Amino acid sequence: MRAAVEPQAAPGLGASESRYRHPRWKKVLYERQPFPDNFVDGSFLEELRKNIYVRQYQFWTVVRESTVVAQQLSSVCVFVVLWWYMDQDRLSPHLLFTYGLITSLFGYLMFDAIDSGEGRNHSGRTRECGPPLQLLSVSVRGWADLKSTVVFVAFTYGFSPVLKTLTESISTDTIYAMSVFMLLGHLIFFDYGATAAIVSSTLSLNMAIFASVCLASRLPSSLHAFATLSLAIEVFALWPMFQKKLKAITPRCYFAVSVVFTLATVLGVLTVSVTGAVLFALLLLAVAFLCPHYLIKLQSSKDNIHGPWDEAEIKEDLSRFLG
């Protein structure tokens with residue numbers, strides 16, 4: 001970049017005397033200088049830097065991190081497959097609710113063992129206590145969680161007839177289309193661990209529950225709708241919470257559980273459709289291996305420039321001035 005406007009020499013003075021008398025340009029705003037506002041000298045581009053924030057990724061590290069996406073895709077497929085089994089009268093809602101309740105209880109115990117009560121202590125539901133009172137504290141926590149579960153089950157069961165007839169006036173094709181879009185929205189807005197404006201755990205969960213309500217309305221009875229909504233809470237709310245805690249505490253165990261869960265989902269889809277299982281397996285392979293490969297390959301194509309034209313960033317902690 002060349003100077004926009006060069007300072008003119010004073011009349012009657014030589015070139016050397018003009019250069020001597022003209023002050024040197026400084027990149028400051030608090031001094032009045034005899035230069036136009038758009039003037040820069042030749043040192044302007046000396047501060048140009050390229051790709052100073054480019055991250056170097058390891059392939060297998062990215063593959064391990066991609067299990068979050070594969071796991072959520074598998075969760076959606078598990079929900080749809082189990083709903084299809086109930087719709088085809090190949091799975092009893094009593095059996096689904098019983099197995100779901102047993103699995104949730106097992107997951108609750110595992111979560112409590114992994115978490116060691118830390119989440120409840122941070123949420124204020126319990127307070128720190130000495131060893132003699134730890135057993136009583138665990139009992140109180142268990143009673144509070146049991147009460148919340150009973151309230152949820154009673155509320156969902158009581159409103160199941162309403163949810164079953166909520167969309168009777170809407171055609172089945174429209175219900176299926178709405179369910180597909182809602183589940184896609186759930187996958188798009190789900191919190192995969194990245195900090196982005198599009199991430200919204202609340203919106204993602206609400207869209208999944210809305211899709212489950214739409215699908216439950218096409219099942220034969222209110223008990224089917226109740227089992228579907230219970231399954232949706234277990235798959236879209238409780239299971240990601242357990243996986244997130246497992247990943248934070250024991251990453252290797254999390255990776256193993258994710259692989260087993262994904263393989264089990266492929267087998268479940270295989271019982272419904274061979275073509276669907278093949279396509280789903282190819283999708284998982286693309287997410288786990290092809291996308292990380294292209295992510296690493298495209299890093300060399302970045303051409304981000306940084307220099308004095310960037311906005312200033314205040315990195316100092318200003319909390320002491322605001323308090």
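All values reported here derive from a predicted model rather than from experimental measurement.
Val180 belongs to a hydrophobic cluster whose remaining members, ordered by chain and number, are Leu184; membership requires side-chain heavy atoms of ILVMFWY residues under 4.5 Å apart, directly or through intermediates. Cluster partners of Phe59, using a side-chain heavy-atom cutoff of under 4.5 Å among ILVMFWY residues and allowing indirect links, are Tyr57, Trp60, Val62, Val63, Leu285, Phe289, Leu295, Ile296. Cluster partners of Leu279: none. The rule joins Ile, Leu, Val, Met, Phe, Trp and Tyr whenever side-chain heavy atoms lie under 4.5 Å apart, and it links nothing here.
Both Leu283 and Val269 are part of a single hydrophobic cluster, where members link through side-chain heavy atoms under 4.5 Å apart. If you chain together hydrophobic residues whose side chains sit under 4.5 Å apart, Val278 and Val76 never meet in one group.
Inter-residue side-chain proximity for Leu91 and Trp84 is flagged as unmet; no heavy-atom pair is nearer than 4.5 Å. Two residues are said to be in side-chain contact when any heavy atoms from C-beta on lie closer than 4.5 Å; Gln71 and Gln243 meet this criterion. You'll find the side chain of Leu231 stays beyond 4.5 Å of the side chain of Phe97, heavy atoms only. Side-chain contact between Phe111 and Leu238 is absent, with no heavy atoms from C-beta onward closer than 4.5 Å. No side-chain heavy atom of Tyr254 sits less than 4.5 Å from a side-chain heavy atom of Ile249. Side-chain contact between Leu223 and Phe226 is present, with heavy atoms from C-beta onward closer than 4.5 Å.
Pairs of residues two or more places apart, or lying in two chains, that qualify as side chain to side chain donor-acceptor pair (under 3.5 Å) and include a residue from residues 158-172 are Thr167-Ser217, Ser171-Thr174, Thr172-Arg218. Identified under the side chain to side chain donor-acceptor pair (under 3.5 Å) test for residues 228-239, with sequence neighbours left out: Ser104-Glu234. Residue pairs meeting the side chain to side chain donor-acceptor pair (under 3.5 Å) criterion with at least one partner in residues 270-298, sequence neighbours excluded, are Tyr85-Thr271. Listed by first and then second residue, the salt bridge (charged side-chain N to carboxylate O under 4.0 Å, His left out) pairs involving residues 56-80 are Glu65-Lys247 (not counting sequence neighbours).
Interatomic distance, Thr149 OG1 to Leu105 CG, rounded to the nearest 0.5 Å: 9.5 Å. Remark: Tyr99 OH to Ser92 OG distance equals 10.5 Å, nearest 0.5 Å. Interatomic distance, CG of Leu101 versus CG of Leu96, reported as 11.0 Å (0.5 Å rounding).
Looking at residues two or more places apart in sequence or on another chain, you find a side chain to side chain contact (heavy atoms under 4.5 Å, CB included) between Leu163 and Leu166, Val213, Leu229. With sequence neighbours excluded, no residue forms a ring-ring contact (aromatic ring centres under 6.0 Å, His included) with Phe106. For Cys253, the side chain to side chain contact (heavy atoms under 4.5 Å, CB included) partners two or more places apart in sequence, or in a different chain, are Leu246, Thr250, Val257. A search for side chain to side chain donor-acceptor pair (under 3.5 Å) contacts involving Gln88 returns nothing, not counting sequence neighbours.
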Donor-acceptor pairs are to be reported for all side-chain atoms of residues 201-208 against protein atoms at under 3.5 Å, with residues two or more places apart or in another chain.
from: Ser204; atom 1: OG; to: His186; atom 2: O; distance (Å): 2.8
from: Ser204; atom 1: OG; to: His186; atom 2: ND1; distance (Å): 2.8
from: Asn206; atom 1: ND2; to: Thr202; atom 2: O; distance (Å): 3.2

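A side chain to side chain contact (heavy atoms under 4.5 Å, CB included) with Ser74 is found for exactly one of Thr262, Val266, Leu263, namely Thr262.
Atom CZ of Phe261 is surrounded by more than 12 heavy atoms from other residues, nucleotides or ligands within 6.0 Å.
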task = Could you give me the CA-CA distance, side-chain angles and deciding distance for Trp83 and Leu219, then say whether side-chain contact (heavy atoms from CB on, under 4.5 Å) is met?
result = CA-CA 9 Å; Trp83 172 85; Leu219 293 175; 3.5 Å; yes
key: Chi angles and distances behind the side-chain contact (heavy atoms from CB on, under 4.5 Å) call for Phe210, Met178   = CA-CA 9 Å; Phe210 181 79; Met178 290 171 58; 3.4 Å; yes
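A donor-acceptor contact shorter than 3.5 Å links the side chain of Tyr192 to the backbone of Leu187.
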